[in-house]
Amino acid sequence: MIVLGLETSCDETAAAVLRGRADGGADVLAHIVLSQLAEHQDYAGVVPEIAARAHLQNLDPVIRRTMQEAGVALTELDGIAATGGPGLIGGLLVGVMTAKGMAAALDRPFLAINHLEAHALLPRLTDGVQYPYLLLLVSGGHCLLAEVEGLGRCRVLGSTIDDAVGEAFDKVAKMLGLGYPGGPAVERHAADGDAERFAFPRPMAKRAGCDFSFAGLKTAVRTAIENLPPGPVSQRDIADLCASFQAAVGDVLVDRCRNALLTCRDRSTANRVKGSLTDSKVVTALVVAGGVAANSTLRNRLESLSGECELPLVAPPPELCTDNAVMVAWAGLERFRHGDRTPLDFRPRPRWPLDTLAPPARIPEAAA
Ligand code: KG4
Ligand code: ZN
């Protein structure tokens, strides 16, 4: 089965072609991600109107190039999948309408893919992870912990009550004039910094549950900058601020993941060993995905936690951690394999919570 996937939910125009293998995996025949960084850089954030216009302009050529690189003719496609939400409505419309048009013209099935499920399922392609696993999804728009039990079966254990963690990285970078996107710049500067110089708060840490909050941490960084001696912020101050901020984020992520692992264990273990994590093998792995998963310091922190729990830590390759269409094509392939398809009257969804998804549904031919 050969599937084309399209991703246009934010500021990346992406297409990918995957060919399913008999062993349940798939080969990536080609994938292209065209970033709109230059278009949004002046605004230090994504401007929805600009994003939608750029998708409209770029999607057709990106699809054409991806098909050429894959060496696959349109008529060889067995299905077309596009991100149907959550995301910016302008971009979603461009991707979904393109996919529907291709599906109708080629007489092939169409699938609207949930962007969060696409991030969640990718480690099954890259690392062959088995259900159930614990997913920490940390990106510019999302920050959540979920137990992934199967297709359309994600139990959300916690999410952010204010900013996403990537958003916090971007805002700190903006305060320090480090450009956009901020995550990689903050990580670079943090490498030379003293992580203990600024005692930033660890919001939500030590609290029950698995929710996140980053607004207070962001404000603390702002206050620390305001309290520096007058004049330009020195390279030393920037490095120490970034390192202290990143250390606080690391502590919060580890604390929340620890609670999530305990929650998974407590639900399925009759014999509860209070405070011990080694029983948490009820999940097969701790998976970290989303743009922030590219951060190696945070990955190291999570590596220590997973070692403590005797669970593998799985992080997809960095270029597949940020938004891409491989994950959309893969989620599509997994669902197509189960006979799933989306009716052509599907409307893109700016909001589409992960725990409202359903397992694959076979739509009768006549209705599809
Ligand atoms: O998954 P992604 O490409 O898009 C969303 O769905 O949001 O994630 C982008 C986010 C941005 O906020 C960016 O600053 C952050 O991921 N990011 C990082 C790093 N690389 C990207 N944050 C921290 N450290 C990094 N190395
Ligand atoms: Zn994403």
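Note that ligands are numbered from 1 as they come in the structure, with each ligand's atoms numbered from 1 the same way. All heavy atoms count here, side chains included; hydrogens, waters and symmetry mates do not.
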Engineer: Would you say Leu344 and Leu74 are hydrophobically clustered, going by side-chain heavy atoms of ILVMFWY under 4.5 Å?
Structural biologist: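 As far as the 4.5 Å side-chain criterion goes, Leu74 and Leu344 are not connected within one cluster.
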Engineer: Which residue and atom name correspond to the protein heavy atom nearest atom 18 (C) of ligand 1, and how close is it?
Structural biologist: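 Of the protein heavy atoms, Gly183 CA, 3.4 Å lies nearest.
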Engineer: By number and element, which atoms of ligand 1 are closer than 4.0 Å to a non-hydrogen atom of Thr322?
Structural biologist: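 By the 4.0 Å cutoff, the relevant atoms are 1 (O), 3 (O).
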Engineer: Give me the residue, atom name and distance of the protein heavy atom closest to atom 4 (O) of ligand 1.
Structural biologist: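 The protein heavy atom lying closest is Asp323 OD2, 3.4 Å.
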Engineer: Which heavy atom of Leu217 sits nearest a heavy atom of Ala248, and at what distance?
Structural biologist: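 Looking at all heavy atoms of both residues, the closest pair is CD1-CB, 3.8 Å.
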Engineer: More than 12 heavy atoms of other residues, nucleotides or ligands under 6.0 Å from CZ of Arg53: yes or no?
Structural biologist: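 Result for CZ/Arg53: open.
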Engineer: What protein heavy atom sits nearest atom 7 (O) of ligand 1, and how far away is it?
Structural biologist: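 Minimum-distance protein heavy atom for atom 7 (O) of ligand 1 reads Gly140 N, 2.7 Å.
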Engineer: Taking only heavy atoms of Gly141, which atoms of ligand 1 are found under 4.0 Å from at least one of them?
Structural biologist: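 Near Gly141, meaning under 4.0 Å from one of its heavy atoms, ligand 1 has 7 (O).
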Engineer: To the nearest 0.1 Å, how far is atom 26 (N) of ligand 1 from its closest protein heavy atom, and which atom is that?
Structural biologist: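 Sorting protein heavy atoms by distance from atom 26 (N) of ligand 1 puts Glu187 OE1, 2.8 Å first.
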Engineer: Assess whether a salt bridge exists between Asp237 and Arg197, defined as any Lys/Arg side-chain N lying under 4.0 Å from an Asp/Glu carboxylate O.
Structural biologist: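 Here Asp237 pairs with Arg197 in a salt bridge, since their nearest N and O are under 4.0 Å apart.
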Engineer: Taking the Zn ion (ligand 2) as the reference point, name the nearest N/O/S atom of Asp323.
Structural biologist: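 Going through the N, O and S atoms of Asp323 one by one, OD1 ends up nearest to the Zn ion (ligand 2).
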Engineer: Contact between ligand 1 and Cys10 is defined here as a heavy atom of the residue under 4.0 Å from a ligand atom; is it met?
Structural biologist: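 For ligand 1, residue contact (heavy atoms, under 4.0 Å) with Cys10 is absent.
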Engineer: Are any of the N/O atoms on Gly291, whether in the backbone or the side chain, positioned under 3.5 angstrom from an N/O atom of ligand 1?
Structural biologist: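 By distance alone, the answer is yes.
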Engineer: If every non-hydrogen atom of Asp163 is compared with every non-hydrogen atom of Ala215, which pair is closest and at what distance?
Structural biologist: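 In this case the closest contact between Asp163 and Ala215 is OD2-CA, 4.1 Å.
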Engineer: Does the N or O separation between Glu12 and ligand 1 drop below 3.5 Å for any pair?
Structural biologist: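 So ligand 1 has no N or O lying under 3.5 Å from an N or O of Glu12.
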Engineer: Any nitrogen or oxygen of Phe169 lying under 3.5 Å from a nitrogen or oxygen in ligand 1? Just yes or no.
Structural biologist: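 No; every N/O pair is 3.5 Å or more apart.
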Engineer: Measure the acute angle between the ring planes of Phe346 and Trp352, then classify it against the limits of 30° and 60° as parallel, tilted or perpendicular.
Structural biologist: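 Correct class here is tilted.
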Engineer: Go through ligand 1 atom by atom and flag the ones less than 4.0 Å from a non-hydrogen atom of Gly166.
Structural biologist: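 Counting atoms of ligand 1 from 1, those under 4.0 Å from Gly166 are 12 (O).
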Engineer: Phe198 and Phe245: aromatic ring centres closer than 6.0 Å?
Structural biologist: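 Phe198 vs Phe245: aromatic centres not under 6.0 Å.
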Engineer: Which heavy atom of the protein is the closest neighbour of atom 24 (N) of ligand 1, given with residue, atom name and distance?
Structural biologist: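 The protein heavy atom lying closest is Asn295 ND2, 3.0 Å.
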Engineer: Give a yes/no verdict on whether any heavy atom in Cys321 is under 4.0 Å from an atom of ligand 1.
Structural biologist: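 Flag set, Cys321 near ligand 1.
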Engineer: Among all protein heavy atoms, pick out the one at the shortest distance from atom 11 (C) of ligand 1; state its residue, atom name and that distance to 0.1 Å.
Structural biologist: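 For atom 11 (C) of ligand 1, the nearest protein heavy atom is Asp170 OD2, 3.6 Å.
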Engineer: Flag yes if Val287 and Val326 sit in one hydrophobic cluster, no otherwise; membership is Ile, Leu, Val, Met, Phe, Trp, Tyr, and two members link when side-chain heavy atoms are under 4.5 Å apart.
Structural biologist: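 Yes: a chain of side-chain contacts under 4.5 Å links Val287 to Val326.
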Engineer: Please note down the angle at the Zn ion (ligand 2) between NE2 of His115 and NE2 of His119, to the nearest 10°.
Structural biologist: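 So the angle at the metal works out to 90°.
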Engineer: Could you tell me whether Glu303 and Arg299 have a side-chain N and a carboxylate O separated by less than 4.0 Å?
Structural biologist: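 Not counted as a salt bridge, because no side-chain N and carboxylate O are separated by less than 4.0 Å.
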Engineer: Verify whether one side chain among Thr284 and Gln130 offers a donor that lies under 3.5 Å from an acceptor in the other.
Structural biologist: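 No, because no side-chain N or O of Thr284 sits under 3.5 Å from a partner of the opposite role on Gln130.
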